[in-house]
2 protein chains.
Amino acid sequence: MRLTRAGEYGIRCVLHLARHGKGTLVSRKEIAVRTDVPTHFLAKIAQQLSRAGIIEILQGANGGYRLLADPSEITLLSVIEAIIGEISLNDCVGRPESCHNSTLCSVHRIWNKANQQLRATLQETDFATLASEDACCLTPFPEADGHNRPIEKK
Amino acid sequence: MRLTRAGEYGIRCVLHLARHGKGTLVSRKEIAVRTDVPTHFLAKIAQQLSRAGIIEILQGANGGYRLLADPSEITLLSVIEAIIGEISLNDCVGRPESCHNSTLCSVHRIWNKANQQLRATLQETDFATLASEDACCLTPFPEADGHNRPIEKK
DNA sequence: CGATATAAGACTAAATATATCTTATATATC
DNA sequence: GATATATAAGATATATTTAGTCTTATATCG
């Protein structure tokens with residue numbers, strides 16, 4: 001009952017892009033290094049984010065990824081569900097046909113409620129807010145030591 | 001990000017016991033058949049429920065399981081966490097040391113909030129309430145066909 | 001004591017998650 | 001157009017977790 005690593009990595013990726021803002025191209029390699037995600041794994045995750053319309057992928061020399069929307073428009077929920085599919089805390093939430101009678105089921109109702117709450121909380125959160133604060137899963141904001149500084153926008 | 005089968009089975013087990021009320025002894029076999037849980041798997045789950053103080057296990061001939069508390073005192077959260085451990089929706093929630101600085105992390109804060117909400121919702125729900133209504137994961141309440149009837153209290 | 005029922009843990013199988021590797025394709029630059 | 005660089009896409013491999021089964025031991029009733 002825990003977010004997968006792929007989901008976690010997806011958040012980190014978008015968070016890093018969000019710091020650069022909408023439209024700024026960042027290479028896969030830079031993102032991978034900064035967010036501590038294996039390069040090839042990041043590629044797969046990026047493909048999912050791309051299919052979901054969250055980022056755009058540019059191939060070729062000087063290629064990379066960039067956000068298609070303003071960070072304030074991108075919710076935590078959309079990023080997570082782009083990676084792991086729609087959240088369902090219990091099997092019967094996602095596949096009501098797995099029960100004989102889920103509409104009447106007292107347990108099912110609780111799971112539905114909890115699921116809705118969770119999705120609502122994740123939807124309330126946007127990446128502009130997240131990016132404006134520090135995050136433990138990324139290298140810190142630009143600072144004294146220099147080589148930790150994000151690449152400048154062009 | 002989904003409840004495991006063991007967790008689901010634990011709920012079914014307690015739900016079935018709750019229908020019989022606190023203290024009523026029900027054989028493992030009956031529970032297994034009624035809740036559609038493999039007998040030996042149920043045994044393992046019962047041990048966890050027992051360690052958590054939710055049920056009592058009686059060995060020997062005419063053995064079985066019984067609730068130690070009134071169903072109204074047993075929450076959905078306690079049963080689930082007896083089986084799968086404390087819920088943590090993201091790794092950093094359960095193991096803050098997995099991040100360099102989780103107290104300052106914006107993402108971490110959201111997961112904490114979501115986690116608390118989820119646990120609160122599950123804690124609000126007790127098994128008296130759940131048992132008073134139909135549940136899709138169990139054979140129905142006693143009814144016309146006869147052989148689906150719960151065993152009488154002794 | 002014998003029959004019955006669960007305990008406890010070893011063991012197996014299946015599913016899922018995680019990571020990597022390889023070949024193909026796209027783009028910038030010369 | 002040729003070359004270098006970067007990502008795409010999917011196959012493959014590994015590890016972890018989940019799910020289920022089996023065996024031997026133990027407890028209780030009658």
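The sequence lines fix the lettering, A, B, ..., with proteins before strands; numbering per chain opens at 1.
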Worksheet item: Counting side-chain heavy atoms from CB outward, which of dT6(C), dA19(C), dA19(D) is closest to F41(B)?
Response: dA19(D)
Worksheet item: Do we see a donor-acceptor contact under 3.5 Å between the side chains of T129(B) and S132(B)?
Response: no
Discussion item. Once you apply a heavy-atom cut-off of 4.0 Å, does R5(B) come out as touching a base, just sugar-phosphate, or nothing?
Written reply: sugar-phosphate
Practice prompt. Mind checking A46(B) for me? I need base, sugar-phosphate or nothing, with any heavy atom below 4.0 Å counting as a touch.
Written response: nothing
Response to the item:
Comparing K44(B) with M1(B), nearest DNA chain C nucleotide closer to 5' gives the residue K44(B)
Discussion item. What is the separation between atom CG on L42(A) and atom C1' on dA6(D), rounded to the nearest whole Å?
Written reply: 13 Å
Worksheet item: Atom CG of D36(B) to atom P of dA19(D): distance rounded to whole Å?
Response: 14 Å
Practice prompt. Measure the distance from CD1 on I84(A) to P on dT16(C) and round it to the nearest whole Å.
Written response: 14 Å
Worksheet entry | Residues S50(B) and E56(B): side-chain donor-acceptor under 3.5 angstrom | no
Worksheet item: What does dT12(C) pair with, Watson-Crick or G-U, if both distances are under 3.5 Å?
Response: dA19(D)
Worksheet item: Just to confirm, is there a sub-4.0 Å distance from OP1 or OP2 of dA6(D) to any side-chain nitrogen or oxygen of R28(A)?
Response: no
Worksheet item: Could you give the CG-to-P distance, from L49(B) to dA8(C), as a whole number of Å?
Response: 13 Å
Practice prompt. Using whole Å, report how far CG of D91(B) lies from P of dT16(D).
Written response: 14 Å
Discussion item. Can you see if the side chain of Y9(B) gets near the phosphate of dT18(D) - specifically, an N or O under 4.0 Å from OP1 or OP2?
Written reply: no
Worksheet entry | Note, D126(A) side chain near P71(A) side chain (heavy atom, < 4.5 Å) | no
Worksheet item: With the sugar-phosphate defined as primed atoms, P, OP1 and OP2, and the base as all remaining atoms, what B/S/- string results for nucleotides 21-30 of chain C, 5' to 3', for protein heavy atoms under 4.0 Å?
Response: BB--BBBS--
Worksheet item: Going by heavy atoms in the side chains, are L49(A) and V14(A) under 4.5 Å from each other?
Response: yes
Item to complete: State whether K22(B) and E73(B) are salt-bridged, where the test is any N-O pair (Lys NZ or Arg NE/NH1/NH2 against Asp/Glu carboxylate O) under 4.0 Å.
Response: no
Worksheet item: CZ of R2(B) versus P of dA15(C): gap in Å, rounded?
Response: 15 Å
Item to complete: Write down the distance between CD (E30(A)) and C1' (dT5(D)), rounded to a whole number of angstrom.
Response: 17 Å
Worksheet item: Among dT20(C), dA7(C), dT18(D), which nucleotide sits nearest the side chain of T4(B)?
Response: dT18(D)
Practice prompt. May I ask you to decide whether E124(B) forms a salt bridge with K113(A), counting only side-chain N to carboxylate O separations under 4.0 Å?
Written response: yes
Fill in: Donor on one side chain, acceptor on other, R28(A) and T39(A), under 3.5 Å
no
Discussion item. Rounding to an integer number of Å, can you tell me how far L3(A) CG sits from dT17(D) C1'?
Written reply: 16 Å
